[in-house]
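Accompanying notes for the structure given below.
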Number of protein chains: 2
Amino acid sequence: MPKFVSEFPIFSVTVDLVVLTIRDGVFSVLVIRRGEKPYAGRLALPGGFTQEREDIEDAAYRELKEEAGIGKGDVHLEQLQTFGAPRRDPRSRVVSVAWLALGADLPDPVAGSDAAAAEFRPVDEVLGSASPLAFDHADILSVGVERARSKLEYTGAAANYCPPEFTVGELRSVYEAVWGVELDPANFHRKVTRAEGFLSETGENTTRGGGRPAKLFRGSPRARLNPPILRD
Amino acid sequence: MPKFVSEFPIFSVTVDLVVLTIRDGVFSVLVIRRGEKPYAGRLALPGGFTQEREDIEDAAYRELKEEAGIGKGDVHLEQLQTFGAPRRDPRSRVVSVAWLALGADLPDPVAGSDAAAAEFRPVDEVLGSASPLAFDHADILSVGVERARSKLEYTGAAANYCPPEFTVGELRSVYEAVWGVELDPANFHRKVTRAEGFLSETGENTTRGGGRPAKLFRGSPRARLNPPILRD
DNA sequence: CATCTTATCGTCATCTTGACAATTGTCACC
DNA sequence: GGTGACAATTGTCAAGATGACGATAAGATG
């Protein structure tokens with residue numbers, strides 16, 4: 001039932017979402033189980049078609065809400081990369097704008113909605129080829145994960161994985177989960193507390209997590225970290 | 001004469017190019033003078049429509065050739081960002097994938113071709129609002145310039161602006177032109193020659209540029225510079 | 001109270017950086 | 001041939017950042 005006509009080549013534009021968070025200390029990504037062809041039954045990244053008069057960024061937020069029940073204030077969203085190989089979707093010519101969403105404590109998608117089939121899985125498990133993702137979503141995920149990892153080096157992006165107020169130890173555990181390494185607590189503490197404009201003290205303490213009470217901080221996710229914290 | 005039909009919303013996909021180089025020590029961008037509406041007579045970034053069965057990266061290379069006479073081996077090309085606001089093109093719904101191209105000594109576009117109206121202009125002049133660029137091309141250029149500047153910090157991208165073999169002084173002048181700063185020659189020399197995997201000596205010397213003969217190096221544009229060279 | 005756990009501080013050797021002086025090869029010119 | 005001019009390259013030194021690791025602090029738990 002064709003409804004649209006054009007004198008130029010026709011493209012569809014979709015958005016695909018790489019939604020990353022840390023669940024129980026494990027760096028995890030939101031995936032859905034596809035119900036329809038092509039790739040029915042396979043895991044895929046959430047996403048969908050951009051509408052006629054919709055900004056692509058709005059489309060990303062809309063899909064985030066529809067497919068994962070995640071609202072605008074719950075995540076940091078940034079554009080990742082656009083994937084436009086001619087055959088990436090067997091049905092028609094589809095160009096996909098991929099987005100990276102980083103969040104803390106994202107709610108489990110609600111059953112009964114579109115999001116029923118959505119769940120968080122460990123990044124390493126999804127990238128390990130046990131059951132490969134649909135379309136070129138494995139490529140998209142790889143790009144997203146690498147971007148997420150490198151953002152920790154030179155920005156305050158780690159705060160996106162934390163609640164609004166967090167301890168230095170919680171922040172360190174973000175680095176450890178995302179990079180898959182262990183960091184020296186004392187040196188990490190010195191580094192981040194001295195970095196200009198990175199953390200601001202709230203004046204409060206907390207004992208969640210046990211041990212000596214820790215100061216609570218607020219982060220500046222957009223801050224540039226200078227000098228950076230480098231991976232090996 | 002509509003030729004294409006679809007049951008999904010119709011988008012056109014274009015590529016726009018931010019082509020950067022250094023001309024006479026000035027950080028410069030390739031712009032064209034538009035001949036047609038909309039924005040006839042205004043400066044714009046080179047670009048054009050992606051074809052039906054064409055990879056968007058191939059479209060970027062094709063436009064580079066058609067509009068600027070620049071071949072695949074002449075530049076480093078990487079995807080920049082996609083711009084998809086609903087009204088960014090007054091004619092129809094156009095999503096543009098912007099690309100960043102970095103090159104050394106790019107040839108002056110050849111008169112008589114599509115590229116007749118193309119020329120390099122200083123980045124600062126084009127961004128200074130004397131005659132604003134068409135569409136949202138000023139935004140695209142800003143994003144491209146910022147990406148280009150930050151890539152110098154933590155990669156070997158500066159080598160893309162140099163001939164295949166270059167001196168440390170030539171490399172330094174790239175940083176100075178792109179960042180608009182002056183760097184201490186001695187410290188810069190120490191930094192880049194000691195960075196692992198960044199420069200490789202050719203064994204040759206040159207006296208172009210005057211002064212004491214300088215060693216020639218080859219660069220590794222993809223190398224990660226660790227630790228980075230930081231701007232202020 | 002003893003012990004466990006995590007936070008936070010201190011120390012020290014090493015590495016990197018910025019500032020700047022000193023030395024080195026070639027070229028142009030007298 | 002001698003003399004500057006010029007940019008490349010090397011050295012030096014103090015200040016700052018980093019990694020390794022020991023020491024102390026402050027609650028929770030039994």
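Residue numbers start from 1 in every chain, and the chains themselves are labelled A, B, ... in the order their sequence lines are given, proteins ahead of strands.
In this structure, the NZ atom of B:Lys191 is 17 Å from the P atom of D:dT10, given to the nearest Å. Between A:Glu182 atom CD and D:dA20 atom C1' the separation is 15 Å, expressed in whole Å. For B:Arg194 and C:dT17, the CZ to C1' distance is 11 Å, given to the nearest whole Å. Atom NE2 in B:His189 sits about 16 Å away from atom P in C:dT24, given to the nearest Å. Spacing between atom CZ of A:Arg231 and atom P of D:dT18 amounts to 17 Å, rounded to whole angstrom units. When the C1' atom of D:dA8 is taken as reference, atom CZ of B:Phe188 falls 13 Å away, rounded to whole Å. In this structure, the CG atom of A:Asp184 is 15 Å from the C1' atom of D:dA17, given to the nearest Å.
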Between the protein and nucleotides 1-3 of chain D, are there any N/O to N/O pairs under 3.5 Å, and if so, what are the atom names and distances?
none

So which protein nitrogen or oxygen atoms get under 3.5 Å of nucleotides 11-16 of chain D's nitrogens or oxygens?
none

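Near-neighbour residues of DNA chain C inside residues 166-179 of chain B, defined by a heavy atom below 4.0 Å, are absent. Near DNA chain D, defined here as any heavy-atom distance below 4.0 Å, the residues from residues 195-224 of chain B are B:Gly209, B:Gly210, B:Gly211, B:Arg212, B:Pro213, B:Ala214, B:Lys215, listed numerically.
One axis for each end of the helix from C:dC1-D:dG30 to C:dC30-D:dG1, each built from five base pairs, and the angle between them comes to 0° at 10° resolution.
Residue pairs satisfying the side-chain hydrogen bond (donor to acceptor under 3.5 Å, both in side chains) criterion with at least one member in residues 139-154 of chain A, sequence neighbours excluded, are listed as follows: A:Glu78-A:Arg147, A:Glu78-A:Lys151, A:Glu146-A:Arg231, A:Glu153-A:Arg231, A:Glu153-B:Arg224.
Ring-plane geometry between A:Trp179 and A:Tyr175 is classed as perpendicular, the angle between the planes exceeding 60 degrees on a 0 to 90 degree scale with a lower cut at 30.
Annotation: A:Asp184, atom CG; neighbour count of heavy atoms from other residues, nucleotides and ligands within 6.0 Å is above 12.
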